[in-house]
Amino acid sequence: MSLEDKRRAILAYGLSFPDTYQDAPFHDDNWQLVRYKGNNKAFLWTYEKDGYMNLNLKVDPDKAYFWRSIYKSVIPGYHQNKLHWNTVILDGSIPEEDVELMVAESYELISYSPAKIIYDVVKMIPYGKVATYGQIAELAGDKKMARAVGNILHKNPDPDNIPCFRVVNSKGELSGAFAFGGAKKQEELLLSEGVEVINGKVDLKRFQWT
């Protein structure tokens, strides 16, 4: 396989992850990157060096030495922070599945954000059910983050697909000033799904997602 064929294959794999795009920021075709749209950070750098296709990949510092210790072709990141980046030299000595695993780990590190996790949890609330802020925080990995959940949902970038109207407080009370459509919109949306609202409150025993 030629160097450019290797590049095309690894770029295609990087672009298979959600919300990614390809970039060439240095006006140099030798440097082709894949970035995560959520923050525009690159998690996969590709470039030819010394006759081989090289990848720069973000790595958990606890794993950086692990990969370097089992493959001689994994070295500290070229032109990047040596603690947080590895360079992977595609010389044929590393199994394809491990190369792909390192790319996947890089993507996870770059794309991680509390807001993304919270939005992903909210997407899981079933039709006709509600969840509390504290419940969402706990499922997102930090039950102390309940107040932050409210702030993050207030900035919901995609209310059509992230049903923040299904989130209520610990007493089942609705938001008095629901951000997307006004004070009565949350109640209207819940009623349309069969969730009974009485005096601005939902019976959690009946309607809470468990």
Side-chain angles (χ1 to χ4, degrees), residues 3-50 52-71 73-90 94 96-124 136-137 139-142 144-145 148-162 164:
L3 292 182
E4 285 308 309
D5 285 342
K6 287 184 178 181
R7 189 202 297 271
R8 278 191 287 270
I10 201 67
L11 287 173
Y13 180 68
L15 291 167
S16 71
F17 291 93
D19 300 319
T20 55
Y21 66 98
Q22 189 171 334
D23 189 21
F26 307 126
H27 306 290
D28 179 353
D29 289 341
N30 186 38
W31 289 84
Q32 299 288 330
L33 286 59
V34 180
R35 298 183 185 273
Y36 171 62
K37 291 179 182 178
N39 52 26
N40 297 318
K41 291 183 178 180
F43 66 94
L44 169 61
W45 301 62
T46 71
Y47 55 96
E48 184 273 330
K49 184 175 182 292
D50 300 327
Y52 295 106
M53 190 55 58
N54 285 229
L55 316 177
N56 280 10
L57 303 171
K58 188 76 180 284
V59 65
D60 187 314
D62 292 336
K63 280 193 172 181
Y65 181 73
F66 166 77
W67 287 117
R68 296 170 196 172
S69 68
I70 60 176
Y71 294 118
S73 295
V74 179
I75 61 176
Y78 175 64
H79 279 322
Q80 288 184 293
N81 184 296
K82 312 302 183 189
L83 183 64
H84 295 278
W85 289 85
N86 275 344
T87 290
V88 178
I89 303 169
L90 300 184
I94 308 172
E96 182 178 349
E97 57 266 29
D98 278 356
V99 174
E100 291 184 349
L101 177 57
M102 286 185 274
V103 173
E105 289 176 347
S106 182
Y107 171 80
E108 289 297 326
L109 289 168
I110 288 294
S111 65
Y112 171 83
S113 77
K116 179 178 182 295
I117 293 175
I118 286 168
Y119 291 142
D120 286 345
V121 172
V122 171
K123 288 179 184 178
M124 295 168 61
I136 297 300
L139 289 170
D142 186 354
K144 297 178 182 178
M145 201 165 52
V149 169
N151 292 332
I152 288 169
L153 292 184
H154 188 74
K155 301 172 184 176
N156 185 347
D158 187 11
D160 289 338
N161 294 300
I162 303 171
C164 55

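Basis for what follows: all heavy atoms, side chains included, without hydrogens, waters or symmetry-related copies.
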**Asked** Can you check side-chain contact (heavy atoms from CB on, under 4.5 Å) on Lys116 and Asp120, steps first, answer last?
**Response** CA-CA 6 Å; Lys116 179 178 182 295; Asp120 286 345; 3.4 Å; yes
**Request:** Verify side-chain hydrogen bond (donor to acceptor under 3.5 Å, both in side chains) between Tyr47 and Asp28, making sure each step is shown before the conclusion.
**Result:** CA-CA 10 Å; Tyr47 55 96; Asp28 179 353; over 6 Å; no
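The main-chain N or O of Ile152 is found under 3.5 Å from a side-chain atom of Tyr119 such that the two form a donor-acceptor pair. Using modelled atom types, one side-chain atom of Asn39 and one backbone atom of Ile110 make a donor-acceptor pair closer than 3.5 Å. Judged by distance alone, the side chain of Ser106 and the main-chain N or O of Phe43 form a donor-acceptor pair under 3.5 Å. In this structure a side-chain-to-backbone donor-acceptor pair under 3.5 Å is missing from Lys6 to Met53. A donor-acceptor pair is defined here as one N or O able to donate and one able to accept, closer than 3.5 Å; such a pair exists between the side chain of Asn54 and the backbone of Tyr52. Using modelled atom types, no side-chain atom of Asp19 and backbone atom of Lys37 make a donor-acceptor pair closer than 3.5 Å.
Between Gln32 and the options Arg8, Gln22, Arg7, a side-chain hydrogen bond (donor to acceptor under 3.5 Å, both in side chains) holds for only Gln22. The one candidate from Lys58, Gln80, Arg68 that meets the side-chain hydrogen bond (donor to acceptor under 3.5 Å, both in side chains) condition with Asn86 is Arg68.
Atom CG of Asn40 has more than 12 heavy atoms from other residues, nucleotides or ligands within 6.0 Å. Lys41 NZ: 12 or fewer foreign heavy atoms inside a 6.0 Å radius.
Annotation: the span from Asp98 atom CG to Glu105 atom CD amounts to 9.0 Å, rounded to 0.5 Å. Between the CD1 atom in Ile75 and the CD1 atom in Ile89 there is a gap of 4.0 Å [rounded to 0.5 Å]. Summarising the geometry, atom CG belonging to Asp62 is positioned 9.0 Å from atom CG belonging to Leu83; distances are rounded to the nearest 0.5 Å.
Nearest heavy atoms, Gly14 versus Thr20: O-OG1, 3.6 Å. The minimum heavy-atom distance linking Pro157 with Ile162 is given by the pair CD-CD1, 4.2 Å. Of all non-hydrogen atoms in Ala137 and Met145, the two that sit nearest each other are CB-C, 3.7 Å. In this structure, Asn156 and Cys164 approach most closely via the heavy-atom pair ND2-SG, 3.3 Å. Minimum heavy-atom separation, Leu109 to Val59: CD1-C, 3.4 Å. Summarising the geometry of Ile10 relative to Leu44, their closest heavy-atom pair is O-CD2, 3.5 Å, with the distance given to 0.1 Å.
Ring geometry for Phe17 versus Tyr13: interplanar angle over 60°, hence perpendicular rather than tilted (30 to 60°). The aromatic rings of Tyr78 and Trp31 lie parallel to each other, with less than 30° between the two planes, well short of the 60° mark. Classified by interplanar angle (parallel below 30°, tilted 30° to 60°, perpendicular above 60°), the ring pair Tyr36/Tyr107 is perpendicular. Aromatic ring orientation, Phe26 versus Trp45: parallel (interplanar angle below 30°, classes split at 30° and 60°).
With contacts defined as side-chain heavy-atom distances shorter than 4.5 Å, the pair Ile117/Tyr112 qualifies. The closest side-chain heavy-atom distance from Ile94 to Met102 is below 4.5 Å. No side-chain heavy atom of Glu100 sits less than 4.5 Å from a side-chain heavy atom of Ser16. Within the 4.5 Å cutoff, no side-chain heavy atoms of Val88 are placed close to those of Trp67. Under the 4.5 Å side-chain criterion, counting only non-hydrogen atoms from C-beta, Thr87 is not in contact with Lys49. Side-chain contact between Asp60 and Phe66: absent, with no pair of heavy atoms (C-beta onward) separated by less than 4.5 Å.
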